[in-house]
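Have a look at the structure below, then the notes.
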Amino acid sequence: MTQVGAYNAQDVEDKWYQYWMEHNYFHSEVDDREPYTIVIPPPNVTGILHMGHMLNNTIQDVLIRRARLKGFNACWVPGTDHASIATEAKVVARLKEQGIQKADLTREQFLKHSWDWTQQYGGVILDQLKKLGASCDWERTKFTLDPGMSTQVIKSFVDLYNKGLIYRGYRMVNWDPEAKTTLSDEEVNFVEQQGDLFYISYKIQHSDQTLTIATTRPETIFGDTAICINPDDERFAHLKGKKAIVPICNRVIPIIEDPYVDIEFGTGCLKVTPAHDENDKMLGDTHKLEVIDIFNDDASLNSFGLHYQGKDRFVARKEIAAELKELGALIKTEQHLNKVGTSERTKAVIEPRLSDQWFLKMEDLVKPAIKAVLEQDDVVLHPKKFENTYRHWMTNIRDWNISRQLWWGQQIPAYFYGDGKEDFVVAETIEDALVLAKEKTSNASLKSTDLRQDPDALDTWFSSWLWPMSVFDGLNNPDNKEFNYYYPTNDLVTGPDILFFWVARMIIAGYEYTGKKPFKNVYLTGLVRDKQRRKMSKSLGNSPDALQLIQTYSADGVRVGLLLSAAAGNDLMFDEGLCQQGKGFSNKIWNAFKLTQSWDIDATISQPESSKIAINWYQSCLQQTLVEIEDHYSKYRISDALMASYKLVWDDFCGWLLEIIKPPYQAPIDKKTYDSVIALFEDNLRILHPFMPFLTEELWHAIANRTPQEALIVNHWPKTTTIDTALLTDFEFAAEVISGIRTIRKEKNIAFKDAISLSVINTEKIDDQFDVVIKKLGNISEMSSVSSGVEGALTFRVKSNEYFIPIEGTIDVKQEILKLKEELQYTQGFLKSVQGKLKNQKFVSGAPQQVVDNERKKEADAIAKIETIETSIKNLS
RNA sequence: GGGCGCAUAGCUCAGUUGGUUCAGAGCACUUGGUUUACACCCAAGGGGUCGGGGGUUCGAAUCCCUCUGCGCCCA
């Protein structure tokens with residue numbers, strides 16, 4: 001007998017993580033085994049662990065630990081992302097606090113600050129993942145700006161440029177005036193805002209007439225280069241071919257006609273500002289209009305804004321409205337609800353702006369990626385429903401703006417040698433660039449100092465889209481042993497919010513560079529929300545502190561809590577109660593172990609029949625659950641796999657098996673039973689290990705002294721054997737009998753410690769092997785088979801078997817009969833509906849044979865049961 | 001404005017090809033139970049016209065139409 005104390009999760013968790021690290025179990029090297037690879041979605045280098053990370057890294061750890069147990073060479077590659085916009089914004093903000101403006105620094109100085117920041121905070125989130133139990137191969141940790149990673153990004157840029165897929169375009173882009181950078185469409189959020197609709201009057205040249213235009217942005221009148229009307233609009237027919245005068249700046253602009261104008265909206269007249277609106281740009285192109293950009297980089301007005309020069313766009317808007325009013329040009333203003341594009345990062349209102357940018361042509365690149373997911377199932381999305389979203393995006397894809405006006409990131413490897421738009425070459429190094437530039441210009445005297453590298457950096461996603469390849473150096477060195485072994489990877493676990501940003505692009509890059517998928521399965525988790533369904537966010541302050549949660553509920557508890565309600569692709573309503581449930585489960589397992597250790601083992605006593613049968617039953621039960629779990633995993637239904645394991649251990653192992661084999665108080669247990677139970681407990685631990693790595697490893701070593709080679713983390717998944725289904729069915733029947741006894745005990749207030757006797761009319765011809773179990777769990781002193789009813793006994797039925805419990809004193813016959821009659825009525829009704837179906841010729845001929853047979857069986861069962869009940873009623877009356 | 005999805009017990013959700021996994025799970029709730037692993041426990045129990053309406057079918061939570069409410073993505 002061993003004394004086992006209470007479970008102290010914190011000490012245990014630290015101890016085992018250290019042990020795992022010391023013995024290098026997480027590290028993977030190329031060998032003969034089949035690989036199983038996951039690359040982590042690299043969190044932002046300056047980020048801290050939040051609930052979303054916890055969820056998706058728990059899932060990855062479950063998958064990787066299970067693969068390890070299944071004998072695969074499991075490799076989970078961790079890393080961080082340089083997250084150019086987010087990180088640069090943070091660095092700029094910190095410098096500002098120190099009184100330093102980014103504009104006052106050189107690029108080199110600024111990058112030095114950024115690297116300092118990265119080194120200071122970069123490891124934090126990875127350390128937090130360790131607390132969660134993440135078994136990443138830390139020796140392989142990568143950072144998207146590592147020199148080896150960056151060269152691959154540059155290589156791919158040059159390659160795509162040389163293939164003619166990257167071009168420089170003057171395009172309308174989303175300009176973030178605060179971060180002073182371009183954003184991709186995906187980084188712009190549209191938020192509803194109550195604004196004003198201004199009705200501005202323009203004079204018609206050489207006449208007294210005016211026309212009125214509705215606009216939400218009066219400050220852009222300085223950029224107006226035309227007025228547009230619908231050619232079919234009768235109201236404005238008289239204006240055709242005339243010219244209008246822009247108020248304040250008094251520029252004369254043409255009145256053009258285009259069916260694009262919506263006659264119904266506003267006044268039916270549209271002012272055209274090609275520099276500051278996508279649709280206006282389109283009109284401008286069609287009608288060859290002048291383009292006047294009126295803004296500086298920070299969205300203050302430039303010299304075209306005349307006396308508003310230097311003023312912010314929103315300040316200018318108010319003041320211009322006031323001036324227009326003074327001039328009598330402002331007819332009225334109306335309240336107007338519109339959707340305003342804002343920066344995902346800085347929340348600044350986006351300014352549509354024309355600028356020179358680098359673009360990647362997507363049309364041909366997406367083709368293999370569409371085929372792989374939607375036609376060939378080469379890459380499978382879980383859950384499937386995301387295929388529709390994927391299809392929609394991929395078939396409507398636009399060219400990707402890959403340049404950002406930032407310093408933190410890979411600098412675009414384009415080198416300018418002159419002032420012309422086409423005066424550049426693209427090369428991996430400045431030396432190569434010089435060679436190319438000399439060739440292109442036929443100017444042999446060019447020097448590298450004559451070259452100016454494009455100051456812009458590449459979009460962060462342009463480096464992370466290579467991630468599954470670049471972490472294995474696959475672009476620098478495509479024939480290397482590791483890349484060939486680990487790639488394609490197996491599973492990718494990430495949130496659906498970056499299906500386009502990241503997942504789709506990795507698939508595109510994978511096919512472009514290797515002709516192969518980057519991963520086989522994509523598991524899309526849901527978003528973690530709070531109980532009120534709100535997204536977890538810093539500003540709402542509704543995101544619990546991840547490390548605090550681990551401290552309160554243990555890492556195992558939090559892992560279980562998160563997984564319990566996390567079906568793939570479904571948002572997860574986070575509730576601390578779930579973690580409590582996880583912790584409760586740890587406690588349950590711990591106490592089950594504590595119980596087994598409290599017994600004295602006696603090798604001389606023989607095994608009770610009830611223990612023998614119960615152990616056989618649990619063996620089958622575990623095997624059956626194993627099949628179920630396997631099926632859940634194969635469909636990436638991780639929470640179902642957990643729930644199946646949870647019920648196996650809690651209900652079947654603790655609730656039934658341990659209760660059956662438990663020796664009487666202070667009596668010893670026979671050795672055979674003890675050994676079998678421990679062996680089965682070990683199988684439980686193997687199954688639970690991926691979900692609860694710490695507790696299971698602790699118990700694994702508490703059971704026996706084990707060498708490092710024998711640690712649970714590198715042990716094996718339970719071996720599969722045969723399932724005795726007849727045994728399972730018989731047990732189920734016995735469980736119903738026990739439940740019947742318990743119900744009667746409760747109804748009649750018969751305490752468990754009072755033994756009772758039980759008789760049965762065994763119409764069902766049930767095997768008596770479980771009688772010993774029924775006797776033990778029902779506290780039955782005597783159990784006998786009878787051929788006819790027992791007088792003065794309480795009864796219950798399981799199928800057509802009738803059970804009798806004689807009790808002292810008289811039973812309330814009237815009430816018993818009433819109960820029986822109710823049961824009879826219900827069964828008769830059930831029989832009637834079954835027979836109704838069977839009488840229906842269309843059902844019998846139309847339904848599959850199996851369904852019809854089933855109905856016949858139901859009919860027979862019901863008839864037998866009715867007979868049993870009727871006999872009982874007769875006996876009582 | 002376009003696209004995708006959801007609505008099942010008080011809550012969070014399963015329910016795969018229409019029929020024994022068909023009305024289910026976990027939690028919560030009610031009642032009873034503690035000298036004998038665990039009250040973070042055990043047992044028993046209540047609770048849903050599967051969002052409304054219509055249709056297809058021998059048969060619908062499941063397929064189709066429509067209405068209502070909600071969520072997400074994109075313009």
Side-chain angles (χ1 to χ4, degrees), chain A residues 4 6-7 185-186 188-190 262 278-279 339 341 383-393 395-398 496-497 499-500 526-527 529 531 533 535 553 557 561 564-567 569-575 577-599 628 631-632 635 637 639-640 642-644 646-647 650-651 654-655 658-659 662-667 738-747 749-753 777 833-834 836-855 857-858 861:
Chain A
V4 177
Y7 180 55
D185 292 341
E186 289 77 19
V188 177
N189 293 330
F190 286 84
D262 182 355
E278 177 97 55
N279 296 312
K339 288 195 171 174
K384 278 258 182 221
K385 66 178 178 188
F386 285 108
E387 284 186 2
N388 283 334
T389 323
Y390 182 86
R391 173 182 298 113
H392 187 246
W393 193 70
T395 52
N396 292 294
I397 199 159
R398 297 194 293 176
D497 47 339
L499 181 60
F500 309 140
L527 291 169
R529 296 170 174 277
K531 269 201 255 184
R533 279 189 183 274
K535 249 178 164 165
Y553 301 104
L564 273 176
S565 67
N570 274 353
D571 284 2
L572 179 144
M573 277 1 107
F574 182 75
D575 179 350
L578 293 166
C579 294
Q580 185 57 51
Q581 199 186 338
K583 194 183 171 196
F585 188 37
S586 299
N587 182 61
K588 183 74 185 175
I589 301 165
W590 181 261
N591 278 300
F593 174 71
K594 198 167 136 189
L595 173 67
T596 64
Q597 298 310 295
S598 71
W599 298 325
E628 217 179 287
D631 183 55
H632 289 318
K635 293 168 182 156
R637 303 174 66 116
S639 53
D640 288 341
L642 171 59
M643 188 45 78
Y646 181 91
K647 286 191 209 161
W650 198 306
D651 298 339
C654 297
L658 290 183
E659 290 304 326
K662 192 194 249 179
Y665 183 48
Q666 289 192 333
I738 292 164
S739 185
I741 297 168
R742 283 170 175 164
T743 310
I744 295 232
R745 277 183 179 278
K746 176 168 172 158
E747 274 172 7
N749 262 322
I750 306 168
F752 181 78
K753 58 177 188 251
L777 294 189
S833 84
V834 172
K837 254 192 231 179
L838 286 167
K839 262 185 231 147
N840 186 334
Q841 203 43 50
K842 279 182 185 166
F843 170 73
V844 178
S845 56
Q849 191 57 40
Q850 196 201 334
V851 175
V852 178
D853 287 350
N854 241 318
E855 292 301 313
K857 190 170 175 304
K858 278 196 214 166
D861 284 352

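Below, chains carry the letters A, B, ... as their sequence lines are ordered, and counting in each starts from 1. Below, all heavy atoms of this structure are taken into account, side chains as well, without hydrogens, waters or symmetry copies. Quantities reported herein were computed from a predicted structural model and do not represent experimental measurements.
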When you check the phosphate oxygens OP1 and OP2 of [N], does a side-chain N or O of [X] lie under 4.0 Å from one of them?
{"X": "A/Arg637", "N": "B/C13", "result": "no"}
{"X": "A/Arg398", "N": "B/C74", "result": "no"}
{"X": "A/Ser739", "N": "B/A43", "result": "no"}
{"X": "A/Lys588", "N": "B/C42", "result": "yes"}

**Item:** Nucleotide nearest A/Gln580 when distance is taken to its side chain, options B/A75, B/C40, B/C42
**Value:**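 So the nucleotide nearest the side chain must be B/C40.
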Please report the distance separating the [atom1] of [N] from the corresponding atom of [M], rounded so that it comes out in whole Å.
{"N": "B/A43", "M": "B/U49", "atom1": "P", "answer": "29 Å"}
{"N": "B/G46", "M": "B/A7", "atom1": "C1'", "answer": "25 Å"}
{"N": "B/G69", "M": "B/A25", "atom1": "P", "answer": "33 Å"}
{"N": "B/A14", "M": "B/A23", "atom1": "C1'", "answer": "12 Å"}
{"N": "B/C73", "M": "B/U12", "atom1": "C1'", "answer": "24 Å"}
{"N": "B/A61", "M": "B/U16", "atom1": "P", "answer": "12 Å"}
{"N": "B/G15", "M": "B/C22", "atom1": "C1'", "answer": "8 Å"}
{"N": "B/U56", "M": "B/U66", "atom1": "C1'", "answer": "15 Å"}

Protein-nucleotides 4-8 of chain B N/O pairs closer than 3.5 Å?
unit_1, atom_1, unit_2, atom_2, d
B/C4, O3', A/Asn388, ND2, 3.2
B/G5, OP1, A/Asn388, ND2, 2.7

Dump the pairs, protein N or O against N or O of nucleotides 29-35 of chain B, anything under 3.5 Å, distances to one decimal.
unit_1, atom_1, unit_2, atom_2, d
B/U31, O2, A/Lys746, NZ, 2.5

What closest approach, in Å, do [X] and [Y] show between heavy atoms, and which atom pair accounts for it?
{"X": "A/Arg745", "Y": "A/Ala751", "result": "NH1-O, 2.6 Å"}
{"X": "A/Trp599", "Y": "A/Leu658", "result": "CH2-CD2, 4.4 Å"}
{"X": "A/Glu855", "Y": "A/Val834", "result": "O-CG1, 3.3 Å"}
{"X": "A/Cys654", "Y": "A/Lys588", "result": "CB-CE, 3.6 Å"}

Rounded to the nearest 0.5 Å, what separates atom [atom1] in [X] from atom [atom2] in [Y]?
{"X": "A/Asn749", "Y": "A/Ile744", "atom1": "CG", "atom2": "CD1", "answer": "13.0 Å"}
{"X": "A/Phe386", "Y": "A/Arg391", "atom1": "CZ", "atom2": "CZ", "answer": "14.5 Å"}
{"X": "A/Lys647", "Y": "A/Leu642", "atom1": "NZ", "atom2": "CG", "answer": "11.0 Å"}
{"X": "A/Leu777", "Y": "A/Arg742", "atom1": "CG", "atom2": "CZ", "answer": "6.0 Å"}

Measure from [atom1] on [X] to [atom2] on [N] and round the result to the nearest Å.
{"X": "A/His392", "N": "B/G3", "atom1": "NE2", "atom2": "C1'", "value": "4 Å"}
{"X": "A/Lys635", "N": "B/A14", "atom1": "NZ", "atom2": "P", "value": "15 Å"}
{"X": "A/Arg745", "N": "B/G45", "atom1": "CZ", "atom2": "C1'", "value": "18 Å"}
{"X": "A/Phe752", "N": "B/A43", "atom1": "CZ", "atom2": "P", "value": "12 Å"}
{"X": "A/Lys583", "N": "B/C38", "atom1": "NZ", "atom2": "P", "value": "17 Å"}
{"X": "A/Arg391", "N": "B/C73", "atom1": "CZ", "atom2": "P", "value": "20 Å"}
{"X": "A/Lys384", "N": "B/U17", "atom1": "NZ", "atom2": "P", "value": "12 Å"}
{"X": "A/Ile744", "N": "B/A44", "atom1": "CD1", "atom2": "P", "value": "13 Å"}

[X]: what forms a side-chain hydrogen bond (donor to acceptor under 3.5 Å, both in side chains) with it, not counting sequence neighbours?
{"X": "A/Lys635", "value": "A/Asp631"}
{"X": "A/Tyr390", "value": "none"}
{"X": "A/Gln580", "value": "none"}
{"X": "A/Arg637", "value": "A/Asp640"}

**Strand RNA chain B in bracket notation, Watson-Crick/G-U under 3.5 Å with | for pairs to another chain** = (((((((..((((.....[....)))).(((((.......))))).....(((((..]....)))))))))))).
**Asked** What is the ring orientation for A/Phe585 with A/Tyr646, classed by angle as parallel under 30°, tilted 30 to 60°, or perpendicular over 60°?
**Response** tilted
**Asked** Parallel under 30°, tilted from 30 to 60°, perpendicular over 60°: which one fits the rings of A/Tyr7 and A/Trp590?
**Response**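 It falls in the tilted class, 30° to 60°.
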**Request:** Report the residue (A/Trp650 or A/Asn591) whose heavy-atom-nearest nucleotide on RNA chain B is the more 5′ of the two.
**Result:** A/Asn591
**Item:** Of A/Asp861 and A/Pro664, the one whose closest RNA chain B nucleotide lies more 5'
**Value:** A/Asp861
**Request:** With sequence neighbours left out, write down each residue that passes side-chain contact (heavy atoms from CB on, under 4.5 Å) with A/Glu387, or none if nothing qualifies.
**Result:**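 A/Glu387 satisfies side-chain contact (heavy atoms from CB on, under 4.5 Å) with A/Val373, A/Leu374, A/Asp377, A/Leu381, A/Lys384 once adjacent residues are dropped.
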**Prompt:** What residues form a side-chain contact (heavy atoms from CB on, under 4.5 Å) with A/Asp861, not counting sequence neighbours?
**Reply:**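 side-chain contact (heavy atoms from CB on, under 4.5 Å) check on A/Asp861 returns A/Lys857.
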Identify each atom pair where a protein N or O and an N or O of nucleotides 58-64 of chain B are less than 3.5 Å apart, giving names and distance.
unit_1, atom_1, unit_2, atom_2, d
B/C58, O2', A/Asn840, ND2, 3.0

**Item:** Glycosidic conformation of B/U20, taking syn as within 90° of 0 and anti otherwise
**Value:**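 Syn.
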**Under the salt bridge (Lys or Arg N to Asp or Glu O under 4.0 Å) test, residues paired with A/Lys753 that sit two or more places apart** =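 In terms of salt bridge (Lys or Arg N to Asp or Glu O under 4.0 Å), with neighbours along the sequence ignored, A/Lys753 is linked to no residue.
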For nucleotides 23-28 of chain B, give me every protein contact, N/O to N/O, under 3.5 Å, one pair per line with atom names.
unit_1, atom_1, unit_2, atom_2, d
B/A25, O2', A/Lys647, NZ, 3.4
B/G26, O2', A/Gln581, NE2, 3.0

